[in-house]
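The chains referred to below are lettered A, B, ... by the order of the sequence lines, with proteins before strands, and numbering in each begins at 1. What you see is a predicted model, and the numbers here were worked out from it, not measured in a lab.
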Amino acid sequence: MDETFLNELNKSQQEAVLFNDGPSLVIAGAGSGKTRVLTYKIAYLLSQGIPAESILSLTFTNKAAKEMKERIAQMVGWQTSRRLWMGTFHSTFSRILRAESDILGFTSQFTIYDSSDSKSLIKVIVKELGLDDKIYKANAIQNRISFAKNNLITAQSYRANNNLLETDRQSKIPQVAEIYTIYARRCKAANAMDFDDLLLFTNILFRDHPEILAKYKDFFQFVLVDEYQDTNFAQYLIVKRLVEDHHRLCVVGDDAQSIYSFRGANIDNILSFKTTYPECRIFKLEQNYRSTQNIVNAANSLIEKNKGQIQKKVFSQNAEGEIIKVYSVYSDYDEGFTVANAIGEIHAQSAYSEFAILYRTNSQSRVLEEALRKRNIPYRIYGGLSFYQRKEIKDVLSYFRLVINPYDEEALKRVINVPARGIGTTTIDKLMDCAHTQDVSAWDVLSNILKYNLNVNSGTASKLSKFRDIISPFISLLSELNAYELGTAIVKASGILTEALMDNTPENLSRKDNIEELLKAIHEFCEMRAEEDGSTVYLADFLSEVSLLTDQDKTDEDDNNRVTLMTVHASKGLEFKHVFIVGMEEELFPSARSLSSERDLEEERRLFYVAITRAKETCHISYAKSRFRNGKNNFCNPSRFIKDIDPKYLNLPQQDFQSISNRDTEFKSSFFERKSSSFQQTSMPKVTPNSFQSQKPLRKITSSPDAMGQTKEINGLHEGALIEHAIFGQGTVISLSGEGSDARAIVSFDSVGQKNLLLKYAKLNIIE
DNA sequence: TCTTCATAGTTTTTT
DNA sequence: ACTATGAAGA
């Protein structure tokens with residue numbers, strides 16, 4: 001096989017690719033061609049005669065796996081490439097768990113609970129135990145359980161672990177162990193695993209069944225792990241077990257980019273790789289091919305402030321480039337405006353797809369979106385609630401889940417009364433209670449209400465039976481019809497679409513669209529498979545694929561020339577010509593939660609490092625003096641991290657308010673009166689004084705005397721007024737009520753119908 | 001049992 | 001500003 005591709009690598013990359021006789025650790029600085037090393041290494045292994053199906057590569061996202069597979073396909077052909085095992089830990093081992101499920105007491109059709117499923121289960125258990133849900137917060141419990149599972153502590157070992165019990169006692173939540181026990185029992189009864197279980201049960205499988213481990217050890221002749229700095233203990237141990245005989249392992253990562261410790265990632269995995277595999281070779285990729293020298297140097301000067309990194313010197317031989325521009329802006333609105341403006345200017349030379357706006361939290365996207373929309377800049381948001389998290393989609397998927405696995409209690413609870421069938425919470429509670437006390441599943445009770453003595457009247461009983469009769473006929477069709485046929489039939493029978501069709505409010509229309517889009521996606525998935533290898537996709541196949549998909553994995557749409565908006569976390573592994581990092585303020589970035597611990601602060605700093613190193617040519621940083629958060633306007637200070645960067649790489653603002661000084665002076669007076677409408681004006685591109693006057697901004701809301709007069713007037717708003725809302729567009733004020741911060745208006749919008757708006761928040765411009 | 005309204009709590013990041 | 005929960009009314 002042709003090996004000339006090796007010439008496309010630099011010295012250290014080549015060494016890393018060619019060494020395959022033992023474990024290796026590749027420390028890959030940002031932008032140093034890490035993916036290139038991985039793909040070339042796999043191509044090289046294939047050229048050495050290792051069969052594709054015996055190479056296992058574990059990536060951080062499904063998308064990364066897909067892309068890598070495609071790149072390898074270009075080198076060695078699709079026929080070979082598609083036989084490679086490539087995917088996330090979760091998707092790879094869920095496949096193996098489905099194959100080996102029997103021995104663990106699950107069926108191969110087990111459901112994967114997402115975090116909202118497990119949270120709701122936790123809530124139920126807390127309630128059943130009669131605990132106070134203010135003290136036993138679902139999130140906190142979930143974290144505790146997740147932490148335990150990531151460290152391979154089962155419920156049983158949790159109960160026996162005095163350290164954990166003591167910690168819980170000190171945190172005034174001594175009953176976590178009980179909750180965990182019941183939680184695990186319920187999951188098992190529901191034939192369900194949560195995300196952490198996928199790793200936990202893989203470990204249990206390998207630990208307790210040496211013959212099965214032996215099979216996979218033998219099968220996977222070479223294991224590669226990408227983003228190794230973000231693996232947790234459970235993942236570390238799976239890998240360790242798989243390669244314990246041959247040690248043919250290559251892990252790639254960058255300790256400076258470890259940003260997932262909140263999810264249990266353990267930076268020690270990479271730092272102590274040498275201890276685990278003493279004979280390992282370590283390769284360092286230090287030349288950055290992505291960014292300009294200034295960006296690399298700025299990032300280096302930042303990350304130097306962290307202690308305990310692996311020694312390395314990332315450098316760039318690219319152009320020196322521009323230094324990082326820092327913007328001081330007045331508010332979050334102003335920030336949106338400033339960023340949109342800057343993008344507009346640079347756009348003369350770069351396509352929109354070359355830009356990214358990165359932020360610490362998803363909630364920051366709103367204002368930015370608005371500013372971009374006003375400027376007609378196309379954008380795409382990653383993250384936030386993904387398609388598969390939307391209510392109607394989750395409902396439909398829950399119907400699918402229930403048909404595939406009728407024991408799936410969370411799915412059952414979710415859809416038993418969607419659309420409304422007169423089965424309320426009391427009935428559901430009775431049903432669950434009945435099932436749990438007799439140690440059977442809710443589905444068993446539904447299947448034989450009399451036998452289990454469910455205490456409901458005959459009317460309710462018949463409603464329940466009716467629901468069961470919607471689901472059960474499909475169970476026998478699971479391997480008869482393909483995913484699309486069965487999915488369509490279930491949606492039809494569920495009555496979910498007919499409900500959405502009832503009236504044509506925009507919400508319902510969008511629900512209908514979403515459900516149709518889901519069916520379309522299933523259809524495409526079926527066709528793709530058929531083309532690929534002629535196999536039939538059943539509903540269960542689709543579902544197992546989809547439960548581990550995230551936003552990152554979304555296939556690109558037709559129009560790709562858009563600005564990307566995403567969290568810094570989501571940007572890991574990506575690169576853009578121009579990067580805007582917004583919201584660089586204390587308590588936001590670094591987040592308020594990280595301030596108390598040096599360890600967390602260092603992780604935040606690494607996060608900032610990741611953000612900066614996404615940039616190829618220019619990097620922009622902004623911080624606002626005030627920001628609207630949690631329904632309130634807060635004053636903020638610039639992030640300490642800005643000071644961590646050597647100032648010679650920064651173009652700092654000459655003075656505060658610099659960014660607004662070149663703006664129409666008329667607006668200045670309104671900056672201090674933060675009633676959003678005036679800011680709306682400032683974020684509009686090219687507002688002429690004329691157009692400004694034609695829409696007078698709503699002034700600060702003061703309480704107007706609520707005299708008995710029918711026609712009220714609040715802040716220049718009167719009934720019948722024509723107004724414009726940032727999101728809903730134009731509409732007419734139907735009525736006004738309340739006063740002060742409670743002032744409300746009912747507005748009839750042309751696009752979305754009537755809305756009851758709280759004037760304190762609503763951004764209204766009076767047109768007439 | 002369902003719908004509507006009011007209130008309280010809340011936002012870190014995600015497989 | 002948004003959701004989740006609870007109370008009251010239908």
d([atom1], [X]; [atom2], [N]) in whole Å:
| X | N | atom1 | atom2 | value |
| --- | --- | --- | --- | --- |
| A:Glu587 | B:dT11 | CD | P | 16 Å |
| A:Asn634 | C:dA1 | CG | C1' | 13 Å |
| A:Glu227 | B:dT14 | CD | C1' | 14 Å |
| A:Asn362 | C:dT3 | CG | P | 14 Å |
| A:Gln364 | B:dT10 | CD | C1' | 16 Å |
| A:Lys119 | B:dT11 | NZ | P | 7 Å |
| A:Asp196 | B:dT14 | CG | P | 16 Å |
| A:Phe628 | C:dA1 | CZ | P | 6 Å |

Any N or O donor-acceptor pair linking the side chain of A:Thr88 to the base of B:dT15 at under 3.5 Å?
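When only heavy-atom distances are counted, A:Thr88 does not reach the base of B:dT15 through any donor-acceptor pair under 3.5 Å.
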Can you sort out the partners of A:Phe641 under ring pair (Phe, Tyr, Trp, His ring centres under 6.0 Å), two or more places apart, ordered by chain and number?
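Scan of A:Phe641 (ring pair (Phe, Tyr, Trp, His ring centres under 6.0 Å), adjacent residues dropped) gives none.
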Going by ring pair (Phe, Tyr, Trp, His ring centres under 6.0 Å), name the residues that satisfy it together with A:Tyr180, two or more places apart in sequence or in a different chain.
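Scan of A:Tyr180 (ring pair (Phe, Tyr, Trp, His ring centres under 6.0 Å), adjacent residues dropped) gives A:Tyr158.
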Just checking [X]: base, sugar-phosphate only, or nothing, at a heavy-atom cut-off of under 4.0 Å?
| X | answer |
| --- | --- |
| A:Phe89 | nothing |
| A:Lys123 | sugar-phosphate |
| A:Asn417 | sugar-phosphate |
| A:Ser594 | nothing |
| A:Ile423 | sugar-phosphate |

Which nucleotide in the set [options] lies at the smallest distance from any side-chain heavy atom of [X]?
| X | options | result |
| --- | --- | --- |
| A:Asn139 | C:dC2, B:dT13, B:dT11 | B:dT11 |
| A:Thr567 | B:dT11, B:dT15, B:dT14 | B:dT14 |
| A:Arg366 | B:dT13, B:dT15, C:dA1 | C:dA1 |

Do [X] and [Y] get their side chains close enough for a donor-acceptor pair, meaning under 3.5 Å?
| X | Y | result |
| --- | --- | --- |
| A:Asn514 | A:Glu392 | yes |
| A:Glu227 | A:Thr59 | no |
| A:Ser116 | A:Lys394 | yes |

Would you measure the distance from the C1' atom in C:dA4 across to the matching atom in B:dT13 and give it in whole Å?
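Per the computed distance, 22 Å lies between those C1' atoms.
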Could you identify which residues of residues 125-137 of chain A place a heavy atom less than 4.0 Å from some atom of DNA chain B, listed by residue number, or say none?
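Here the set is A:Lys137.
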Name the residue closer to the 5' end of DNA chain B, choosing between A:Thr425 and A:Asp600 according to the nucleotide with the nearest heavy atom.
A:Thr425
The residue, A:Arg629 or A:Gly424, whose nearest nucleotide of DNA chain B is more 5′ is A:Gly424
Over 60° means perpendicular and under 30° means parallel, so tell me whether A:Tyr260 and A:Phe262 are parallel, tilted or perpendicular.
tilted
Within 6.0 Å of NZ in A:Lys137, more than 12 heavy atoms from elsewhere
no
Are the charged groups of A:Asp429 and A:Lys413 less than 4.0 angstrom apart, N to O?
no
Would you say A:Phe262 stacks on B:dT13, if stacking means ring centres under 5.5 Å apart and planes within less than 30 degrees?
yes
